[in-house]
Protein chains: 2
Amino acid sequence: MAKGDSGNDKHCSNPGCTVTYALKLIDGKWKLPIICTLGEQTVRYNELKRQIKGITSMMLTSSLKELEECGIVHRKAYNEVPPKVEYSLTKEGMSLTPILFNLGLWGQDLKCNERSE
Amino acid sequence: MAKGDSGNDKHCSNPGCTVTYALKLIDGKWKLPIICTLGEQTVRYNELKRQIKGITSMMLTSSLKELEECGIVHRKAYNEVPPKVEYSLTKEGMSLTPILFNLGLWGQDLKCNERSE
DNA sequence: CTGGATCCAAGCGGATACTG
DNA sequence: CAGTATCCGCTTGGATCCAG
């Protein structure tokens, strides 16, 4: 609609391709695990790292930063020693959940069909 | 549930992470454009290539193959000379559309909030 | 017309070590 | 505790050429 169009976003004829934008926000190996781990709770950095098996500090930090920048995750830092930072989903982040749930149902459906090949 | 679990799919606590599976199916630069271009129609290979600006034969072919293998796209080849192959969405593919639409609405919402930063 | 094969560049993500 | 910095391999996708 405004600027920021890099050339070929005309394909997704239906919603104007905020779909592509949305998918980009949750793209990357760890975004989904982070979002799901947060859920309705407020979780500290190291607690996230502990619960999400296999993630490194770097990936956790950078993923959280991206999720924060686009408004999915809220970051609250306490000025204490030792440091304490809590992460939680924003209301926009929480509104993703039902959509992902539907997507999951759809995926489950396709998974079944796969077995009949 | 069966085999095929590569280690850490336990994160997405809600639907069991068929979400991750679903997202993987539509992952890649061209899957979405292809799905949206197909829509309700039946489109030939070269017509797809023409409508999806920037895609190469290779990416179109491989993307279509993956979409076909997972049951999103239907491929119908006519044994003719010159060759004629038509692609269309399966009913599972079409059932994705409303979900993507909701995802698009969600993305649109986040896009607006972005401007206030 | 509908692909397949090969080569190559860029980016994502992993491993490791370090810091306030 | 909560990150940062650097290096590096692997995967994704693009360019080009070839084929039935």
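By convention in this document, chain letters (A, B, ...) are assigned in the order of the sequence lines, proteins followed by strands, and residues within each chain are numbered from 1.
Distance, B:E80 CD to C:dG3 C1': 16 Å, rounded to whole Å. Here the C1' atom of nucleotide C:dT2 and the CG atom of B:N79 are 13 Å apart, to the nearest Å. We find that CG of A:D27 is positioned 15 Å from P of C:dG11, with the value rounded to whole Å. Rounded to whole Å, the distance from CG on B:L60 to P on C:dG4 is 11 Å. If you measure from atom CD of B:E47 to atom C1' of C:dG3, you get 17 Å, rounded to the nearest angstrom. Atom NZ in A:K31 sits about 12 Å away from atom C1' in C:dG13, given to the nearest Å.
Under the 3.5 Å distance criterion, the side-chain polar atoms of B:T90 are matched with a main-chain donor or acceptor of B:I72. Not a single donor-acceptor pair under 3.5 Å links the side chain of A:T18 to the backbone N or O of A:Y21.
Toward the 5' end of DNA chain C, the nearer of the two residues B:E86 and A:I55, judged by each one's closest nucleotide, is B:E86. Taking the nucleotide of DNA chain D with the nearest heavy atom to each of B:P83 and A:K65, the more 5' of the two is matched to A:K65. Where B:M58 and A:L64 meet DNA chain D, the nucleotide closest to each residue was compared, and A:L64 sits on the side nearer the 5' end.
Taken from CD1 in A:I26 to CG in A:L103, the straight-line distance is 7.5 Å, to the nearest 0.5 Å. The NZ atom of B:K91 sits 12.5 Å away from the CG atom of B:L96 when rounded to the nearest 0.5 Å.
Contacts of A:S57 with the nucleic acid, taken as non-hydrogen atoms under 4.0 Å apart, include base atoms. Within the nucleic acid shown, A:Y87 comes within 4.0 Å of sugar-phosphate atoms alone, with no base atom in reach, counting heavy atoms only. Across all strands, B:K49 comes closer than 4.0 Å to no nucleic acid atom at all (heavy-atom distances).
What you find for B:V19 and A:L100 is that their closest heavy atoms are CG2-O, 3.3 Å.
Mapping heavy-atom proximity under 4.0 Å, the span of DNA chain D touched by chain B runs 5' to 3' from D:dG13 to D:dG20.
A salt bridge links B:R50 to B:E47: at least one charged side-chain nitrogen sits closer than 4.0 Å to a carboxylate oxygen.
For the OP1/OP2 pair of C:dG14 and a distance below 4.0 Å, the side-chain nitrogens and oxygens of A:W30 include at least one atom meeting the criterion.
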Residues 54-61 of chain A, side-chain donor-acceptor partners within the protein, below 3.5 Å, at least two apart:
{"unit_1": "A:T56", "atom_1": "OG1", "unit_2": "A:M59", "atom_2": "N", "d": "3.3"}
{"unit_1": "A:S57", "atom_1": "OG", "unit_2": "A:K49", "atom_2": "NZ", "d": "2.7"}
{"unit_1": "A:T61", "atom_1": "OG1", "unit_2": "A:Y45", "atom_2": "OH", "d": "2.8"}
{"unit_1": "A:T61", "atom_1": "OG1", "unit_2": "A:S57", "atom_2": "O", "d": "2.8"}

